[in-house]
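Predicted model only: the values in this text are computed from it and were never measured.
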Amino acid sequence: MIRVIAAISAALIWTALSVLPASAADKVVLMLNWYVYGEHAPFYFGKAKGIYAAEGIDLEIQEGRGSAATTQAVAAKTANFGYVDVPTMMRAAVKGAPIVATGVLLQTSPMSAMGFVEKNIKKPEDIKGKTVAITPADSMTQIWPLFLKKTGLKESDFQTVAGDGQTKLNAVINGQADLLLGYVMDQSMKIKDATGKDVNAIKFADYGINMVCSGIVANTEFVKANADLVKRFMSATTKAVEAAEKDPKGAARSILDANPKGGKIETLTQGFELTIPLYRTAETKNKRPFQVTDQNMTDTVNLMVEYGGLDAKAKDNPKAFYTNDYLPQGGS
């Protein structure tokens, strides 16, 4: 009788377990730095390909309204993760915002001076006598004096016109300026979308100015309380970036599949292809995405303190702004 009862009990337990639902995936909100463009392709590709789902993550991607706003949202735990300009995050963190980079994706600066190919502006010397459109106090304008110093240019060598981001684009599109300061994979594609014309970019990094740019950030308390989730998210995002690198057009297409008004396939693809070389430096060329070096981060902090308005106390501990502890290891 005891054996029969035990057998019946085991059968009942097995039946109960078999009808329990599978554990629900963790709902995760990733807020981007801006409206969607080619740089964001890996996140959409990773979601479309089930890479996040395989790590037990139900990913929601939200467009942002600037790195500063996304940084604030993540610090306030309105979003679990943010994809932002890391130097912008540093400005908030040094003032006490509870936020840290859990992976730095763009390790080479996309900052550039760019104009239509027909203008034949290919090197710093070609900027002389031209008109440059800038946005006062933005990250590129802050670093611009260093670019001038590195290339031997003087402010008297050219004219400037100033305005917000859209005004700057319009100035080049309408011929009021010959070139603008922007990101090689962003503003150049906006100009091409609007005009159909190709753009030349003079990249700051080619003249010895290198600092990190975009990365994943999270609230420091959230990271400590959800270490396993952070590791799974960074593992999935690393795999998503690697998969997107192998299929740029497919990655770009995933943006339009999720957001049909997200742009044009040609410039989304080209913009993402311009992003890929920014993922690594000479020191990280054999590493998987996000594995930034201490020296790259230290150099960025030093540049930001000298030119970017970052509080000098940031130099006391550059490692306070980032961690590689939640990244999957191994070479690319």
### Query
Hey, does P248 have a side-chain heavy atom less than 4.5 Å from the side chain of I276?
yes
### Electrostatic pair K168-D138, nearest N-O below 4.0 angstrom
yes
### Task
Could you walk me through whether K287 and N324 pass side-chain contact (heavy atoms from CB on, under 4.5 Å), step by step?
CA-CA 12 Å; K287 292 181 178 287; N324 288 339; over 6 Å; no
### Task
May I have all residue pairs that pass salt bridge (Lys or Arg N to Asp or Glu O under 4.0 Å) and include part of residues 252-268, sequence neighbours excluded?
K192-E266
### Query
Excluding sequence neighbours, so at least two apart, what forms side-chain contact (heavy atoms from CB on, under 4.5 Å) with T300?
P87, M90, M211, V212, N296, M304
### Separation between CZ of F45 and OG of S254, rounded to the nearest 0.5 Å
6.5 Å
#### Entry: Contact summary for E242 and P289, nearest pair of heavy atoms
OE2-CD, 3.5 Å
#### Entry: N219 side chain to E221 backbone, donor-acceptor under 3.5 Å
yes
### Query
Is any side-chain heavy atom of K150 closer than 4.5 Å to a side-chain heavy atom of I209?
yes
#### Entry: Heavy-atom pair of closest approach, residues A194 and I173
CB-CD1, 3.8 Å
### Task
Quick one: sort the Y83 and H40 rings into parallel, tilted or perpendicular, breaks at 30° and 60°.
perpendicular
### Sub-4.5 Å side-chain heavy-atom contact between I127 and I202
yes
### Task
Return the set of residues passing side-chain contact (heavy atoms from CB on, under 4.5 Å) with T70 (not counting sequence neighbours), or none when no residue passes.
M31, V74, V84
### Message
With side-chain contact (heavy atoms from CB on, under 4.5 Å) as the test, pick out the partner of V230 among V28, V223, N80.
### Response
V223
### Task
Could you tell me whether the side chain of K319 reaches within less than 4.5 Å of the side chain of D294, counting heavy atoms only?
yes
### Message
Would you say that D85 contacts N33 through its side chain, given a criterion of any heavy-atom pair below 4.5 Å between the two side chains?
### Response
no
### Message
Show the nearest heavy-atom pair for residues A252 and A41, with the distance to one decimal.
### Response
N-CB, 4.1 Å
### Message
Main chain of V100, side chain of T102: is a donor-acceptor contact present, judged purely on distance under 3.5 Å?
### Response
no
### N210 vs D299, side-chain contact (heavy atoms from CB on, under 4.5 Å): CA-CA, chis, key distance, verdict
CA-CA 8 Å; N210 197 28; D299 290 345; over 6 Å; no
### Task
Count the heavy atoms of every other residue, nucleotide or ligand shown that sit under 6.0 Å from NZ of K95, and state whether that count exceeds 12.
no
### Atom pair CG/CG of D26 and L59 - distance to nearest 0.5 Å
11.5 Å
### Query
Can you tell me if Q187 uses its side chain to pair, donor with acceptor, with the backbone of Y183 under 3.5 Å?
yes
### Message
Is there a path of hydrophobic side-chain contacts, each under 4.5 Å between heavy atoms of I/L/V/M/F/W/Y residues, joining I191 to F272?
### Response
no
### side-chain contact (heavy atoms from CB on, under 4.5 Å) partners for D178, two or more places apart
K119, I121, K130, T131
### Task
Check S214 against E39 and note the closest heavy-atom contact, atom names and distance.
OG-OE2, 2.8 Å
### Query
Rounded to the nearest 0.5 Å, how far apart are CD of E283 and OG1 of T281?
4.0 Å
### T284 side chain to R280 backbone, donor-acceptor under 3.5 Å
no
### Query
According to a 4.5 Å side-chain heavy-atom criterion applied to Ile, Leu, Val, Met, Phe, Trp and Tyr, with indirect links allowed, do L169 and L274 form part of one hydrophobic cluster?
no
### Within 6.0 Å of CD in E60, more than 12 heavy atoms from elsewhere
yes
### Task
Verify side-chain contact (heavy atoms from CB on, under 4.5 Å) between T108 and K203, making sure each step is shown before the conclusion.
CA-CA 10 Å; T108 298; K203 292 182 282 189; over 6 Å; no
#### Entry: Atom pair CG (L180) and CD1 (I134), whose distance is rounded to the nearest 0.5 Å
11.0 Å
### Message
Testing the 3.5 Å rule here: is there a donor-acceptor pair between the side chains of D164 and T167?
### Response
yes
### Query
Taking C-beta and beyond as the side chain, do F222 and L229 meet within less than 4.5 Å on heavy atoms?
yes
### Task
Could you identify which residues cluster with W34, counting Ile, Leu, Val, Met, Phe, Trp and Tyr as linked when any side-chain heavy atoms lie under 4.5 Å apart, either directly or through a chain of such contacts?
Y35, Y37
### Query
Any donor and acceptor pair, going by atom type alone, linking the side chain of R91 with main-chain N or O of G308 inside 3.5 Å?
yes
### Gap between atom CE of M89 and atom CD1 of I216 - 0.5 Å precision
11.0 Å
### Query
Would one find more than 12 heavy atoms of other residues, nucleotides or ligands at under 6.0 Å from atom NZ of K77?
yes
### Query
Side-chain heavy atoms under 4.5 angstrom apart, residues restricted to Ile, Leu, Val, Met, Phe, Trp, Tyr: same cluster for L30 and V36?
yes
### Query
Does the side chain of Q295 come under 3.5 Å of the side chain of T293 through a donor N or O and an acceptor N or O?
no
### Message
Please evaluate residues L327 and R288 with respect to the criterion side-chain contact (heavy atoms from CB on, under 4.5 Å), reporting the C-alpha separation (whole Å), side-chain torsions for both, the decisive distance (0.1 Å), and the verdict.
### Response
CA-CA 9 Å; L327 299 177; R288 301 184 74 181; over 6 Å; no
### Message
Is there a path of hydrophobic side-chain contacts, each under 4.5 Å between heavy atoms of I/L/V/M/F/W/Y residues, joining M114 to Y207?
### Response
no
#### Entry: ring-ring contact (aromatic ring centres under 6.0 Å, His included) partners of F233, counting only residues at least two apart
Y52, F81
#### Entry: Backbone N/O of L268 and side chain of Q270: donor-acceptor pair under 3.5 Å
no
### Result of checking K239, K49, K231, R232 against E55 for salt bridge (charged side-chain N to carboxylate O under 4.0 Å, His left out)
K239
#### Entry: S235 (side chain) donor-acceptor with P328 (main chain) under 3.5 angstrom
no
#### Entry: Shortest non-hydrogen contact between V241 and F290, atoms and distance
CG2-CE1, 4.0 Å
### Message
Is the shortest side-chain heavy-atom distance between V94 and L310 below 4.5 Å?
### Response
yes
### Task
Please say whether more than 12 non-hydrogen atoms of neighbouring residues, nucleotides or ligands are located less than 6.0 Å from CD in Q62.
yes
### K190 and D193 ion-paired at < 4.0 Å
no
### Query
Side-chain heavy atoms under 4.5 angstrom apart, residues restricted to Ile, Leu, Val, Met, Phe, Trp, Tyr: same cluster for L153 and Y307?
yes
## Note on the structure
Shortest non-hydrogen pair, I51 vs A243, comes out as CD1-CB, 4.1 Å
### Message
Given 3.5 Å as the limit, does a donor-acceptor pair link the side chain of T135 with the main chain of G163, or not?
### Response
yes
### Message
Here's one to test your reading of the geometry: is the NZ or CZ of K197 within 45 degrees of the ring axis of F116 and under 6.0 Å from its centre?
### Response
yes
### Query
Measuring from Y326:OH to M234:CE, what's the distance to the nearest 0.5 Å?
11.5 Å
### Task
Determine whether F147 and M111 make a side-chain contact, defined as any pair of heavy atoms from C-beta on separated by less than 4.5 Å.
no
### Query
Quick one: does T141's side chain have a donor or acceptor within less than 3.5 Å of a partner on A137's backbone?
no
### Query
Ignoring hydrogens and geometry, is there a side-chain-to-backbone donor-acceptor pair from S188 to N200 under 3.5 Å?
no
